[in-house]
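What follows is a single structure, written as structure tokens, with notes after it.
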Amino acid sequence: MSHAEMGAATPVLSVRGLVKHFPVQRGVVISRTVGQVRAVDDVSFDIARGETLALVGESGCGKSTTGRLVLRLIAPTGGSVQFKGQEIATASDEQMRSMRRHLQIIFQDPYASLNPRMTIGDILTEPMAVHGIGNPAERGERVKELLQVVGLLPEHARRYPHQFSGGQRQRIGIARALAVQPDLIVCDEPVSALDVSIQAQVVNLLQDLQKRFGLSYLFIAHDLAVVKHISDRVAVMYLGKLVELADKKALYARPLHPYTQALLSAIPRPEPGLERTRILLTGDVPSAMHPPSGCRFHTRCPHAQDRCRSEEPVLRDAGPGHRVACHFFETLPLPAGVAPVEKQDQGRFAVRLAAFEAARRPSAPA
């Protein structure tokens with residue numbers, strides 16, 4: 001399905017003006033609220049059926065919080081989250097229970113997310129029992145099927161999480177997410193704790209499952225090589241706000257926001273002697289409790305002007321499907337060394353892409 005076809009369809013997930021502020025309290029005997037951590041501040045995006053939207057940015061920018069808000073694992077301060085037209089942000093507990101089976105998550109740490117006292121069979125059976133899917137015999141057959149789908153063996157159902165490698169445990173986490181036949185899966189940095197070759201196997205597995213079951217992904221990551229391989233569109237987040245949202249090819253070929261340009265310039269290039277223009281951002285990431293006025297990036301932006309310090313930019317159109325929150329993106333120079341995507345495939349991502357393709361060849365799952 002092309003991006004145009006996906007965009008024409010009703011979104012599986014529609015997020016509008018999503019806000020999450022965490023209160024900061026002080027005091028031992030009498031606590032009082034002294035401020036708010038503005039973790040997510042007015043975030044909006046759509047995800048179509050069968051689409052992967054990657055959410056990227058530095059640690060602490062609000063990526064994982066956004067993922068948990070989408071699933072109502074934490075309650076939003078404001079905004080709207082609609083799943084197939086049904087409101088999640090204000091849904092009752094009973095309504096959420098009926099929607100839970102359609103909304104799943106794969107966690108970053110595959111070991112911490114699995115109960116060490118339960119066998120793999122019990123871990124995969126539990127969500128089916130909670131949602132009343134099948135009888136015990138049917139669930140047993142479903143467990144065998146799930147293990148085979150993710151590249152494991154049926155006899156692995158009798159083992160415990162500590163008896164598997166990191167990559168195998170993540171496969172189990174994926175199988176658990178698939179157990180209730182969801183429509184949307186939030187992938188919260190699912191490969192960041194794995195070795196590069198194992199990352200490739202897991203990412204390729206996620207892509208194969210997406211094609212097979214028509215899944216939609218919100219893929220949260222900081223590794224832009226992984227994001228380039230799996231995503232259809234990319235949303236760049238900084239200090240609780242989206243600063244750029246675009247089709248993958250457009251973003252990598254022509255990043256328009258200074259923050260996106262800095263992120264892409266930090267990707268290692270494996271070729272000796274290849275021209276490299278690294279954009280070094282000055283200063284530290286501001287506090288989410290006291291974000292800068294105007295553009296939140298202006299304290300680190302090499303192109304900041306007076307308007308940036310006083311007026312907050314909004315996401316505005318910069319081309320078909322491309323939106324940027326920058327007052328001056330039309331006049332900013334494109335950094336040297338940014339090549340069309342095809343040339344990037346031959347250059348900076350060559351080693352990682354080779355690992356992904358090599359992992360597609362049949363081998364024992366790790």
Side-chain angles (χ1 to χ4, degrees), residues 3 7 15-19 38-46 53-63 66 79 222 224 227-228 231 233-267 269 275-341 343-344 348:
H3 177 61
V15 177
R16 292 291 178 272
L18 188 61
V19 175
R38 304 165 73 94
V40 177
D41 223 354
D42 193 19
V43 167
S44 302
F45 57 83
D46 293 328
L53 174 68
L55 189 59
V56 303
E58 294 172 287
S59 296
C61 71
K63 305 187 302 295
T66 300
H222 62 267
L224 291 172
V227 165
K228 181 181 182 299
S231 66
R233 292 187 298 139
V234 182
V236 182
M237 198 167 185
Y238 181 80
L239 208 60
K241 285 186 171 289
L242 294 186
V243 297
E244 190 160 3
L245 177 62
D247 176 85
K248 170 182 64 178
K249 290 186 177 180
L251 186 97
Y252 280 82
R254 191 168 177 263
L256 297 178
H257 196 280
Y259 180 61
T260 308
Q261 295 173 357
L263 289 180
L264 291 177
S265 76
I267 299 173
R269 302 188 184 187
E275 181 186 357
R276 177 185 177 88
T277 303
R278 177 72 186 274
I279 301 174
L280 297 176
L281 299 179
T282 59
D284 297 323
V285 179
S287 168
M289 189 172 171
H290 303 289
S293 60
C295 176
R296 295 191 176 186
F297 187 60
H298 84 257
T299 58
R300 305 174 71 198
C301 180
H303 308 288
Q305 301 181 34
D306 289 341
R307 182 183 177 187
C308 305
R309 299 177 180 89
S310 59
E311 181 183 341
E312 183 176 345
V314 297
L315 275 174
R316 54 196 180 99
D317 291 337
H322 198 152
R323 305 184 72 196
V324 184
C326 177
H327 294 305
F328 306 106
F329 75 84
E330 297 96 337
T331 58
L332 294 182
L334 192 65
V338 175
V341 161
K343 292 186 179 179
Q344 289 181 348
R348 68 181 72 173

Quiz item: Are Lys241 and Leu315 close enough that some pair of their side-chain heavy atoms sits under 4.5 Å apart?
Solution: no
Quiz item: Any sub-3.5 Å donor-acceptor pair from Ser231's side-chain atoms to Ala54's backbone N or O?
Solution: no
Quiz prompt | Residue pair Pro255 / Ala253: nearest heavy atoms and the distance that separates them | solution = CD-C, 3.7 Å
Self-check item: Note, Leu53 side chain near Leu245 side chain (heavy atom, < 4.5 Å)
Solution: yes
Quiz item: What distance do Arg254 atom CZ and Phe329 atom CZ have between them, rounded to the nearest 0.5 Å?
Solution: 8.0 Å
Self-check item: His327 (side chain) donor-acceptor with Glu311 (main chain) under 3.5 angstrom
Solution: yes
Self-check item: Contact check, side chains of Tyr259 and Leu281, non-hydrogen atoms, under 4.5 Å
Solution: yes
Quiz item: Does the distance from a Lys or Arg side-chain N to an Asp or Glu carboxylate O, for Arg323 and Asp317, drop under 4.0 Å?
Solution: yes
Quiz item: What's the spacing between Leu256 CG and Glu330 CD if we round to 0.5 Å?
Solution: 9.0 Å
Self-check item: Heavy-atom check, side chain of Thr260 versus side chain of Val56, under 4.5 Å
Solution: no
Please output the side-chain donor-acceptor pairs of residues 288-297 that fall under 3.5 Å, not counting sequence neighbours, one pair per line with the distance.
from: Ser293; atom 1: OG; to: Arg309; atom 2: O; distance (Å): 2.9
from: Arg296; atom 1: NH1; to: Leu239; atom 2: O; distance (Å): 2.7
from: Arg296; atom 1: NH2; to: Asp41; atom 2: OD2; distance (Å): 2.4

Quiz item: Is any side-chain heavy atom of Pro333 closer than 4.5 Å to a side-chain heavy atom of His303?
Solution: yes
Quiz prompt | CD on Gln261 to CG on Leu251, rounded to 0.5 Å | solution = 10.0 Å
Practice problem: Test side-chain contact (heavy atoms from CB on, under 4.5 Å) on Val236 and Tyr238 and set out the steps. | Solution: CA-CA 7 Å; Val236 182; Tyr238 181 80; over 6 Å; no
Practice problem: Starting at CG of Asp284, measure out to OG1 of Thr299 and round the result to the nearest 0.5 Å. | Solution: 9.5 Å
Quiz item: At their closest point, which heavy atom of Gly17 faces which heavy atom of Asp42, and how far apart are they?
Solution: CA-OD1, 3.2 Å
Quiz item: Shortest non-hydrogen contact from Cys308 to His298?
Solution: O-ND1, 3.7 Å
Exercise. Identify the two heavy atoms, one from Lys228 and one from Tyr252, that lie closest to each other, and give their separation to 0.1 Å.
Key: N-OH, 3.4 Å
Quiz prompt | His322 and Glu244 side chains, donor-acceptor separation under 3.5 Å | solution = yes
Quiz item: So do Thr66 and Met237 actually touch side chain to side chain, heavy atoms under 4.5 Å?
Solution: yes
Exercise. Please round to the nearest 0.5 Å and tell me the distance separating atom CZ of Arg233 and atom CG of Asp46.
Key: 7.0 Å
